[in-house]
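This report concerns only the one structure given below.
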Amino acid sequence: MNAETGSPAGCPPAQRFAALALLVPLALLAALAPIACGGASSPARPAAWNAAPDGQRGASSGTRAERYFPLVDGHIYHYATLSEGGDEGLLVARVHRADARRGELRFPSGVKRFEFTGEGVIRSDTGVFVLKEPIAPGTAWTGEHGGRARIAAVGAAIEVPAGRFTGCVQTVEERLGDRPARYVSTFCPDVGVVAIEATGSASYERAELKSYAPPIDVGPDGVRRAPADPPPGAASSP
């Protein structure tokens, strides 16, 4: 299965996406510039990027946080990206599930690894929380960017290109000092991260879920086949 990528006309420099690229702890924007810009000088793609799914199917940690950050082996996420200058791009991520506690998001330019624990979802390499339990307003932790992250809302609704989602958790990280910034992420049940917004003193970028589904197998007869239905948390596509 070859993942589709998109690139806007008149590709902006990689620095244009600096604020969204800082959202690496959510592993959704690590490959933003290479994908959005056609990867003219991007690093070589890992062989695993478009290999057939080979992880553990049906694995579950049993934690509550996993419902808002599911890593279902083989699923592919497409995000539409927008910068303050109006430049548009497409970010693509593919899931690999190692076992009940561990999983990865694979991008054309690299891999981000995660672990489900009793306290929440963490980045395996840094130990920083992506989403911390209890899943309730006011739960707080130190964010990846050195700011104070917190759960700002539960039961939120949001509409993005992929559809309308309800029962979502919204987190906010705010960093003060000489480089103030604000990061807002929306996690929806049985889907994962649906939107990310990054606001700096002189920048604004946003990524919204455009589609997500298992890989599509195009057989020798040209028929497209999906091995499973999309996750149950999605509303009808617009």
Side-chain angles (χ1 to χ4, degrees), residues 19-29 60-72 75 77 79-82 91 93 95 100-103 105 112-124 126-177 179-201 203-210 212 231-235:
L20 284 182
L22 290 175
L23 296 179
V24 167
L26 297 179
L28 292 176
L29 298 159
S60 174
S61 67
T63 62
R64 187 182 179 197
E66 182 174 359
R67 191 181 179 204
Y68 299 94
F69 195 77
L71 294 175
V72 180
H75 272 63
Y77 289 75
Y79 292 86
T81 63
L82 178 69
L91 172 68
V95 178
R101 290 283 175 177
R102 297 173 299 130
L105 283 174
K112 299 299 174 183
R113 295 177 174 86
F114 302 88
E115 183 176 349
F116 298 102
T117 74
E119 295 183 82
V121 186
I122 63 171
R123 279 278 305 277
S124 299
T126 65
V128 173
F129 281 99
V130 173
L131 184 62
K132 195 175 190 300
E133 297 198 31
I135 307 298
T139 296
W141 62 96
T142 300
E144 177 75 8
H145 316 291
R148 181 178 182 271
R150 59 186 170 85
I151 295 179
V154 296
I158 187 172
E159 189 161 352
V160 295
R164 187 173 187 272
F165 300 87
T166 60
C168 305
V169 172
Q170 188 176 79
T171 67
V172 176
E173 180 183 351
E174 295 176 302
R175 186 182 65 207
L176 304 177
R179 295 187 299 114
R182 189 171 190 266
Y183 308 91
V184 180
S185 303
T186 304
F187 302 78
C188 295
D190 306 311
V191 179
V193 180
V194 167
I196 296 178
E197 186 176 79
T199 305
S201 58
S203 63
Y204 173 84
E205 288 102 10
R206 183 176 176 86
E208 295 183 333
L209 185 64
K210 185 174 182 180
Y212 67 103

### Query
Are side-chain heavy atoms of Arg67 and Asp190 found at a separation under 4.5 Å?
yes
### Query
In this structure, which one of Thr171, Thr142, Thr117, Thr139 forms a side chain to side chain contact (heavy atoms under 4.5 Å, CB included) with Lys132?
Thr139
### Query
What's the spacing between Phe165 CZ and Thr186 OG1 if we round to 0.5 Å?
11.0 Å
## Note on the structure
Minimal heavy-atom distance between Tyr183 and Ala198, with the atoms involved, is CD2-CB, 3.9 Å
### Query
Can you name the side chain to side chain contact (heavy atoms under 4.5 Å, CB included) partners of Arg150, sequence neighbours left out?
Ala140, Arg148, Ala152, Val172, Glu174
### Query
Side chains of Gln170 and Val184: does their closest heavy-atom pair fall under 4.5 Å?
yes
### salt bridge (charged side-chain N to carboxylate O under 4.0 Å, His left out) evaluation trace for Glu173 with Arg175
CA-CA 7 Å; Glu173 180 183 351; Arg175 186 182 65 207; over 6 Å; no
### Query
What are the two closest heavy atoms between Ile151 and Ile135, and how far apart are they?
CD1-CA, 3.8 Å
### Query
Which heavy atom of Ala195 sits nearest a heavy atom of Ile158, and at what distance?
CB-CD1, 3.7 Å
### Message
Show the nearest heavy-atom pair for residues Trp141 and Val130, with the distance to one decimal.
### Response
CZ2-O, 3.8 Å
### Task
First locate atom CZ of Arg101, then atom CG of Leu71, and finally report the distance between them rounded to the nearest 0.5 Å.
13.0 Å
### Task
Quick one: do Phe114 and Arg102 satisfy side-chain contact (heavy atoms from CB on, under 4.5 Å)? Show the steps, please.
CA-CA 6 Å; Phe114 302 88; Arg102 297 173 299 130; over 6 Å; no
### Query
Relative to each other, are the rings of Tyr77 and Tyr79 parallel, tilted or perpendicular (30° and 60° limits)?
parallel
### Task
Taking salt bridge (Lys or Arg N to Asp or Glu O under 4.0 Å) as the test, write out the residues that go with Glu115, two or more places apart.
none
### Task
Evaluate the side-chain contact (heavy atoms from CB on, under 4.5 Å) criterion for residues Tyr68 and Val121: first the C-alpha distance (whole Å), next the side-chain angles of each, then the deciding distance (0.1 Å), finally the verdict.
CA-CA 10 Å; Tyr68 299 94; Val121 186; over 6 Å; no
#### Entry: For Thr63, side-chain hydrogen bond (donor to acceptor under 3.5 Å, both in side chains) partners two or more places apart
Ser61
### Task
Compare every heavy atom of Phe129 with every heavy atom of Glu119, then report the nearest pair and how far apart it is.
O-CE2, 3.5 Å
### Task
Look up atom CZ in Arg113 and atom CG in Leu105, then write down how far apart they are to the nearest 0.5 Å.
11.0 Å
### Summary
OG of Ser124 to CZ of Phe116, rounded to nearest 0.5 Å, is 9.5 Å
## Note on the structure
So CZ of Arg182 and OG of Ser201: to nearest 0.5 Å the spacing works out to 15.0 Å
### Query
How long is the span from the CZ atom in Arg164 to the CD atom in Glu159, to the nearest 0.5 Å?
7.0 Å
### Message
Quick check: closest heavy atoms across Gly120 and Ala65, and the distance to 0.1 Å?
### Response
CA-CB, 4.2 Å
